[in-house]
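Please read all numbers here as calculations on a predicted model, not as lab measurements.
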Amino acid sequence: MFFMLLIETGMRKGEATALQWTDIDLKNGRIDINKSLDFQPDKPEEIFGDPKTYRSTRTITIRQSVINDLKFHQKYQNQNKLALKDHYNHELNLVLCRNDGGHMPKSSLFNAFERILKRAGIPRIPIHSLRHTHAVLLLEAGDDIKYIQKRLGHGSMQITSDVYAHISDKIESDSLSRFDDHMNKINE
């Protein structure tokens, strides 16, 4: 669920691990990104921190398939809550957590990601690459760079443009194809 959510939303790993069920509106398909998880807080009550930047606080929309996956995940989590009762960490209310409701250690995420990559025959890449994958997929789908900037929570469109505009050959090919179609219509 964690890795799928990163690809589908472009969230940073700290933003995704800090998600609480109160941050998700399954009815309207929205996620409020308003905090980040500190994997090694000095005090337990300091587990949640501010997002990376001011613009990182945002609301993003999600596809119906993600809503369905989250609903299924919520049912699974509710079964754990019932089975573990008082041994479940109810107060955190985390979406992406261990079976007991506690936050996932960073090492567990990295190890799980490495195992997935190895099984898929993909060379080692950082988890943050899933955020980049999301942005490239949006660009390839023809989304506007301003929309992508807001979705990723970048401070400026220039940052987004500098990082992603040159990435995909498909973007250039599709752009040229659209321009060609447009010019052919004009010349008719």
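We find the CZ-CD distance between Phe72 and Gln77 to be 12.5 Å, quoted to the nearest 0.5 Å. Note: Glu15 CD to Ile31 CD1 = 10.5 Å, rounded to the nearest 0.5 Å. Atom-to-atom distance recorded for Thr17:OG1 and Lys35:NZ is 10.5 Å, nearest 0.5 angstrom. Taking OH from Tyr88 and NZ from Lys81, the interatomic distance works out to 5.0 Å, rounded to the nearest 0.5 Å. Here CZ of Arg30 is found 10.5 Å from CD1 of Ile62. Values are rounded to the nearest 0.5 Å. Note that the CG atom of Leu130 and the CG atom of Leu5 stand 10.5 Å from one another [nearest 0.5 Å].
Proximity of Glu46 to Lys43: side-chain heavy atoms (C-beta onward) are separated by under 4.5 Å at one or more points. Within the 4.5 Å cutoff, the side chain of Met4 has no heavy atoms near those of the His73 side chain. Residues Lys13 and Phe3 form no side-chain contact, since every pair of their non-hydrogen atoms from C-beta on lies 4.5 Å or further apart. You'll find the side chain of His182 stays beyond 4.5 Å of the side chain of Arg178, heavy atoms only. The shortest side-chain heavy-atom distance between Asp38 and Phe48 does not fall under the 4.5 Å cut-off.
In this structure, a donor-acceptor pair under 3.5 Å is present between the side chains of Asn68 and Gln64. Of the N and O atoms on the side chains of Ser56 and Arg12, at least one donor lies less than 3.5 Å from an acceptor on the other residue. Counted by atom type alone, Asp32 and Thr59 present one or more donor-acceptor pairs between their side chains at under 3.5 Å. Counted by atom type alone, Ser65 and Arg63 present one or more donor-acceptor pairs between their side chains at under 3.5 Å. Side-chain polar atoms of Asp25 and Asn28 form a donor-acceptor pair below 3.5 angstrom.
The hydrophobic cluster containing Leu19 also contains Val66, counting ILVMFWY residues as joined when their side-chain heavy atoms lie under 4.5 angstrom apart, directly or transitively. Transitive grouping of hydrophobic side chains (ILVMFWY, heavy atoms separated by less than 4.5 Å) keeps Leu138 and Ile60 in distinct clusters. Hydrophobic cluster membership is shared by Phe113 and Leu37, with clusters built from Ile, Leu, Val, Met, Phe, Trp and Tyr side chains linked at under 4.5 angstrom. In the hydrophobic clustering of this structure, Ile125 groups with Met11; members are Ile, Leu, Val, Met, Phe, Trp, Tyr whose side-chain heavy atoms approach within less than 4.5 Å, directly or through other members. Ile122 and Leu137 end up in the same hydrophobic cluster when Ile, Leu, Val, Met, Phe, Trp and Tyr side chains are linked at under 4.5 Å.
For Thr57 against Pro51, the heavy-atom pair with the smallest separation is OG1-CG, 3.3 Å. The minimum heavy-atom distance linking Trp21 with Leu70 is given by the pair CH2-O, 3.5 Å.
Under a cut-off of 6.0 angstrom, the local environment of NE2 in His128 is crowded, with over 12 non-hydrogen atoms contributed by other residues, nucleotides or ligands. The environment of Gln40 atom CD is sparse: at most 12 non-hydrogen atoms of other residues, nucleotides or ligands sit within 6.0 angstrom. At most 12 heavy atoms of other shown residues, nucleotides or ligands fall within 6.0 angstrom of atom CG in Asp50. Counting non-hydrogen atoms of neighbouring residues, nucleotides and ligands closer than 6.0 angstrom, the CG atom of Asn187 exceeds 12 such neighbours.
A donor-acceptor pair is defined here as one N or O able to donate and one able to accept, closer than 3.5 Å; such a pair exists between the side chain of Asn184 and the backbone of Asp180. Under a 3.5 Å cut-off, the side chain of Gln20 and the backbone N or O of Leu92 do form a donor-acceptor pair.
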> Passes side chain to side chain contact (heavy atoms under 4.5 Å, CB included), Phe39 versus Ile47? Steps please.
Replying inline: CA-CA 7 Å; Phe39 288 96; Ile47 191 168; over 6 Å; no
>> Could you walk me through whether Ile67 and Ile24 satisfy the side chain to side chain contact (heavy atoms under 4.5 Å, CB included) test, starting with their C-alpha distance in whole Å, then the side-chain angles of each, then the deciding distance to 0.1 Å, before giving a yes or no?
In response: CA-CA 9 Å; Ile67 294 168; Ile24 298 179; over 6 Å; no
> Could you walk me through whether Ile145 and Leu139 pass the side chain to side chain contact (heavy atoms under 4.5 Å, CB included) check?
Replying inline: CA-CA 7 Å; Ile145 198 82; Leu139 285 167; 3.9 Å; yes
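Screening His154, Lys150, Lys146, Arg151 for a side-chain hydrogen bond (donor to acceptor under 3.5 Å, both in side chains) with Thr160, the sole residue that qualifies is His154.
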Acceptor/donor pairs from residues 94-107 side chains to any protein atom, 3.5 angstrom cut, sequence neighbours excluded:
residue	atom	partner	partner atom	Å
Asn99	OD1	Tyr76	OH	3.1
Asn99	OD1	Asn80	ND2	3.4
Asp100	OD1	Gly102	N	2.9

